[in-house]
Structures are given as structure tokens and as C-alpha cells.
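Convention: sequence-line order gives letters A, B, ...; per-chain numbering from 1.
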Amino acid sequence: MKVYNTLTRQKEELIPIKAGEIKMYACGPTVYNFIHIGNARPICVFDVLRRYLEYRGNKVSFVQNFTDIDDKLIKKAAEEGITVAEVAERYIKEYETDAKGLGVLPATFHPRATENIAEIIRIVSELCEKGFAYAVNGDVYFRTKKDEGYGKLSHMPLEDLDAGNRIDVSEQKEDAMDFVLWKAAKPGEPSWHSPWGEGRPGWHIECTAMIYKYLGETIDIHCGGQDLIFPHHENEIAQAECCSGHEYVHYWMHNGYINVDNRKMSKSLNNFFTTRAVAEKYGYEPIKFMMLQAHYRSPINYSIEVIEQCTAALDRLHTCRDNLDFALKAAAESATESEAVLMAQLPARREQFIAAMDDDLNTADGIAALFDLARDINTAVVQPRSAEYLNAAAAMFDELCAVLGLLYNRCEKNLGSLEDEVEALIAKRAEARKNKDYKLSDEIRDKLKDMGVVLEDTPQGVKWQLIK
RNA sequence: GGCGCCAUAGCCAAGCGGUAAGGCAGAGGUCUGCAAAACCUUUAUCCCCGAUUCGAUUUCGGGUGGCGCCUCCA
């Protein structure tokens, strides 16, 4: 598989540190609010990466953190009159609801910053001992000038960074480019004991601490949004490589933004849509589809029109899969000779899918393979088919969907207590149609529709569906 | 100022040296009592100008127009 590496700015063959095993880390949410769909993009996309790597036979250790201590959490807690821990607890739960809704699998580990303070202190101490960090009045800063490699991820020369209008020219820092590893506690803030006094971790250190603890000092893949490249990931590399003395991450993968009216969706522009709000109106699945129909590094311009188009596209897939189930009920005993061609189409679509996904996770082309499969199936199912073919087709369809994390919410076709009544009506309508009493048959169809059951007449008999 | 990204049909979106995947919407048709679904057909000289090449949407140079990072941000 080839993967675009931000570090080298080119696609590279993904070669794991240990064959057949992948260690990957994704920066997770800061849990002070509901996630918006911009936050949902890396969650969806890198879940698919993880699934695909597993699909291709790798054992994947995937860590995604929760940032549960930070200025925003503290602010939120103060506003609501609750503790920081309560804020975190609440929004981790909400995150989990959204992640589940989006069909995203839990990571192997979901560590929290506050659970890893000891490891954080250990790393900061070591950086101090090695001269890469210095303490001032309870704060600890990283000395960027001492790190020769600083800037290699973002490819930004230090001097030119200085030329920009920087902020936070803290008098405490030796250099404007230095960043905080440990912050002295202010009164009333949550804090932990440390060699530098009461305090809490700075912005970037938690990710490195969790990677060290759960995955090791060198990992295969580190991913996140493009806005994390600088300074977050740049700083991670600096602190990690200066601490351990060896390479931190082999492949850096960054997803593009979700835009609104062509501008980055963000809290500060106040142009964001929470995942929850969109899901309540359209469901989670169209959001997921929207994320995957474009390449993960391309920007996506969110709009109602786009989400509705995604819904329609998804309907085609759902219908195809339902048709397979329906056809199975009337399936012939065994495969006919003419089905050999159809059977051969199936693995060809898998090849097509894999070729797409191998090329830097091209989910857009992967979805195209799925749609091509759907066309093959729809064409085949026009005639009665054997259970052998239908089951094989369904298995292939489900296989590809599972990698993409799509069609995970196929509705239950359960009529429950209505079953007898519905079946009686369907039988009555069949009788009416036989007698060419179309007025009655249409009345019955309308009645069933009011009950939430939609009928379709097919050559293989009547097919019913529950209205979503 | 520094460092980047993007520009493909009405809309979304792949492709990135051999005259354009897939989806949505539209049009026509097949099937059907009707409807629905499905299937078939149909809708693009790939922002502009140069250069390289037998050949460029795809490479290079120059424009134009969007956007991002350099500050917390996915």
C-alpha cells in the first residue's frame, strides 16, 4: 500500500516496522463540546485506514486519545459550575454516541491525558536533564533552537516563522518559538504534583506520552487533521525525538478540512455544524458517505445539497443489498452454467477495490468499485439466480462495505405485531390484482403505506419495505 | 512576509502522459395495469497563456481565481 507522507511530501510504500503489524495513533478530540463534522472527518477516515490495514492482514494497534485537561475544559467547567472531570465525562459519552452512529470502531486504546500524568512528567524531566527543556517559575518550555530537526514536518524555516506575526511573546521564554511542556497551575485549576511545583501538562506532550506508553518510542503512522501539522505535530516530533534519540513516526498522514462556503469549518468562524445536529436531520450514514466519497486529503465543501446527494447515493446501495435478500427467497437450487461469468465478476470487483485503497486510501475509487458491484448485481438479479451466486454476491458486497464502514445500519425488516395483518392485506391485494381489480389493489397499497409498509411488484412476487 | 494546497459536466467527485471512473439531478427508452426499483442510451475538447512531447486534463514556466497554515483548532 502507498501512503502520502507529509514528512517527505510524497506517496511512499507503507513498510511496517514489524511485518504484519501496524502501530498507529490519531489525535482525538478535546472533550469540551459536541464534535462538529470537521472533527468527524479524521475519525471516519482513519477508522477506514485502520479497517483496511486489518482487512489486508495486519494486526493493528490503534490509539486515539481524549484530551481531558486543557484551557477550554477549564473554561467550560467554570461556565457550567461543574468540575473539569464532569465536563470530560459528559463529552466523552457524547463522542462515543457520535462515533458509534458514524459506524466507527473503538480504537484499541482510548487513553486520557489525565491518566498519563506520570509518563508526561517522566518525559519532561528527561528533556530537562538533556538540556532540551528549561523550567521558569513552574512552567517548563521546550528549547526549539536546540533541536536541529525542528521544522522538518511543516517544512518551515525557523527564521521565517519568526517573521510572521507571532503572539504570546512571553518574557519567560528564551525564544519566541519555544513551546510549553508543563504549565504552572493557576488558583482553582486542576493540578498535579511535579518537580516544578503544582501544574498541568502543556498542549503537545500528552500525545507523545501516550504513544510511548501504549505503542513505543517509534510508531508506523501518526494521523490527524492538516491544522495539526504546525505546531502540534512539529512539536511532538521535537519533544519525542529529543527525548528518545530516535525517529518518532515513519508516516505522517493528514486529512483535509471540511469547509462551509469554501471556508474552513471552525468554532472561531462560527460556521460549524455539529455531527449530532446533522445526524438528527439526515442520519449519520450520509455524513460517513460524504467523508469517503472524496479523497481524504481533499477539502470537502459541506452543504445541504451535498448531504442530500449522499443520501440518494446510499439509497442505491441499500436497495441493491435488499434486492439480494429478496432474490434469495426465490433462489434456484444450484448455479447454472451461465452464472460462471457472474461469479467471476465478484472477485474482480474486490481487486478493483483493493487497487484503489492501496493507492493512498482512495476511498472515492473504492466506492466506485462498490457501485460497479451494485450494477453487476442489479443486472444479474433481473433474472432468478441460484442461492450460490446470491450468497457469494452478498458476501462480496458486505465485505467491501465492512472495510468502508458503510451500510452498517441496515434497517431491521421486522413487522412485529403487524405481521399477520400485513400479510393478509398483501394476499388480499394479490387476489385483487389477479382479478384486475386495480382500484381495490391500489387502495390496499395506499393503506399499507399509511401503516409504514411500501410495496413493490416484481417478477418474483411482491416485495415490501418498511419506511425509514 | 514565509510555507503550502486547489481549479474536471447542473451538483458532488476520481483519474494525473495516449483524447475523461463513480454517484446525484435531468432527458429519452425497456420492463410494469399503475407505481417503485432496475436496466439501456444520453449530458465535459478537464480556468487562461506559453513550453516540452509523436501526443498533456495529466510535466514545466507564467497568469487568473479560490483556500489553508505560520495563534487554540480535525
>> Within the 4.0 Å heavy-atom criterion, would you say G224(A) contacts the bases, only the backbone, or no part of the nucleic acid?
In response: sugar-phosphate
> In the structure shown, which nucleotide is the Watson-Crick or G-U wobble counterpart of rA38(B), with both distances under 3.5 Å?
Replying inline: rU30(B)
>> How many whole angstroms separate atom CZ of R316(A) from atom P of rA36(B)?
In response: 16 Å
>> Using a 4.0 Å heavy-atom cut-off, does R321(A) contact any base of the nucleic acid, only the sugar-phosphate backbone, or nothing at all?
In response: nothing
> With rounding to whole Å, what would you report as the distance between rU19(B) and rC54(B) at their C1' atoms?
Replying inline: 14 Å
> Quick one: is rA38(B) close enough that its OP1 or OP2 comes under 4.0 Å of any side-chain N or O from N378(A)?
Replying inline: no
> Base, sugar-phosphate alone, or nothing: which one does A313(A) contact when heavy atoms must sit under 4.0 Å apart?
Replying inline: sugar-phosphate
> Do the charged groups of D358(A) and K2(A) touch, with an N to O distance under 4.0 Å?
Replying inline: no
> With a 4.0 Å cut-off on heavy atoms, is I258(A) in touch with a base, just the backbone sugar-phosphate, or nothing at all?
Replying inline: base
>> Within the 4.5 Å heavy-atom criterion, are L448(A) and V454(A) side-chain neighbours or not?
In response: no
> When we call it a touch if two heavy atoms are under 4.0 Å apart, what does R9(A) touch: a base, just sugar-phosphate, or nothing?
Replying inline: sugar-phosphate
> Taking the side chain of R433(A) as heavy atoms from C-beta outward, which of rG10(B), rA21(B), rC34(B) is closest to it?
Replying inline: rC34(B)
> Heavy atom of residues 296-307 of chain A under 4.0 Å from RNA chain B: which residues?
Replying inline: S298(A), P299(A), E305(A), V306(A)
>> Could you tell me the Watson-Crick or G-U partner of rU57(B), where both distances fall under 3.5 Å? Say none if there is no partner.
In response: none
> So what does S154(A) touch, heavy atoms closer than 4.0 Å: a base, only the sugar-phosphate, or nothing?
Replying inline: sugar-phosphate
> How far does the C1' atom of rA35(B) sit from the matching atom of rU43(B), given to the nearest Å?
Replying inline: 27 Å
>> Say we look at rG18(B) and rU53(B): how far apart would their C1' atoms be, to the nearest angstrom?
In response: 12 Å
> Is M290(A) touching bases, backbone alone, or none of the nucleic acid, heavy atoms closer than 4.0 Å?
Replying inline: nothing
> Quick one: does I92(A)'s side chain get under 4.5 Å of R112(A)'s, heavy atoms only?
Replying inline: yes
> If you pin N323(A) and D365(A) to their nearest nucleotides in RNA chain B, which one's is more 5'?
Replying inline: D365(A)
> Using atom P of each nucleotide, how far apart are rG29(B) and rC67(B) to the nearest Å?
Replying inline: 44 Å
>> ring-ring contact (aromatic ring centres under 6.0 Å, His included), that's the test. Do Y251(A) and H222(A) meet it? Break it down for me.
In response: CA-CA 6 Å; Y251(A) 305 91; H222(A) 190 138; over 10 Å; no
>> Regarding K145(A) and D178(A), does a basic nitrogen lie under 4.0 Å from an acidic carboxylate oxygen?
In response: no
> Base, sugar-phosphate, or nothing: which does N255(A) touch, judged by heavy atoms less than 4.0 Å apart?
Replying inline: base
>> Any base atoms under 4.0 Å from N362(A), or only sugar-phosphate, or nothing? Heavy atoms, all strands.
In response: sugar-phosphate
> To the nearest angstrom, how far is Y32(A) atom OH from rA74(B) atom P?
Replying inline: 7 Å
> Should the pair Y150(A) and F230(A) be assigned to parallel (<30°), tilted (30 to 60°) or perpendicular (>60°) ring geometry?
Replying inline: perpendicular
> Any Lys/Arg nitrogen of R51(A) or D47(A) sitting under 4.0 Å from an Asp/Glu carboxylate oxygen of the other?
Replying inline: yes
> Just how far, in rounded Å, is C1' of rA36(B) from CG of D442(A)?
Replying inline: 12 Å
> Does E399(A) come within less than 4.0 Å of R350(A), counting only side-chain N to carboxylate O?
Replying inline: yes
> Which residue lies toward the 5' end of RNA chain B, H295(A) or P42(A), if each is placed at its nearest nucleotide?
Replying inline: H295(A)
>> Tell me whether the side-chain N or O atoms of R375(A) pair up with the base of rA38(B) as donor and acceptor below 3.5 Å, since no angle test is needed here.
In response: no
> In whole Å, what is the span from the CG atom of D372(A) to the P atom of rA14(B)?
Replying inline: 16 Å
> Expressed in angstrom and rounded to an integer, what is the separation of L440(A) atom CG from rG33(B) atom C1'?
Replying inline: 14 Å
> What nucleic acid atoms does H36(A) come within less than 4.0 Å of, heavy atoms only: base, sugar-phosphate, or nothing?
Replying inline: base
> So, do M357(A) and T363(A) sit near enough that their side-chain heavy atoms are less than 4.5 Å apart?
Replying inline: yes
> Can you tell me the Watson-Crick or wobble partner of rC5(B), both distances under 3.5 angstrom?
Replying inline: rG66(B)
> At under 4.0 Å between heavy atoms, what does Y438(A) touch on the DNA or RNA strands: base, sugar-phosphate, or nothing?
Replying inline: base
> Is there a Watson-Crick or G-U wobble partner for rU52(B) with both distances under 3.5 Å, and which nucleotide is it?
Replying inline: none
> Salt-bridged, D446(A) to K449(A), with N to O below 4.0 Å?
Replying inline: no
> Just one of D71(A), D70(A), D68(A), D139(A) clears the salt bridge (Lys or Arg N to Asp or Glu O under 4.0 Å) bar with R200(A), so which one?
Replying inline: D71(A)
> In whole Å, what separates the C1' atom of rC47(B) from that of rG66(B)?
Replying inline: 11 Å
> Contact class for D457(A) (heavy atom, under 4.0 Å): base, sugar-phosphate, or nothing?
Replying inline: base
>> Applying a 4.0 Å non-hydrogen cut-off, can you work out what K72(A) is touching in the nucleic acid: base, sugar-phosphate, or nothing?
In response: base
Atom pairs under 3.5 Å: protein N/O with N/O of nucleotides 65-69 of chain B:
{"residue": "rG68(B)", "atom": "OP1", "partner": "R263(A)", "partner atom": "NH2", "Å": "3.4"}
{"residue": "rG68(B)", "atom": "OP2", "partner": "R263(A)", "partner atom": "NH2", "Å": "3.1"}
{"residue": "rG68(B)", "atom": "O2'", "partner": "Y257(A)", "partner atom": "OH", "Å": "3.0"}
{"residue": "rC69(B)", "atom": "OP1", "partner": "K264(A)", "partner atom": "NZ", "Å": "2.9"}

>> The criterion is ring pair (Phe, Tyr, Trp, His ring centres under 6.0 Å); which residues satisfy it with F34(A), sequence neighbours excluded?
In response: Y91(A)
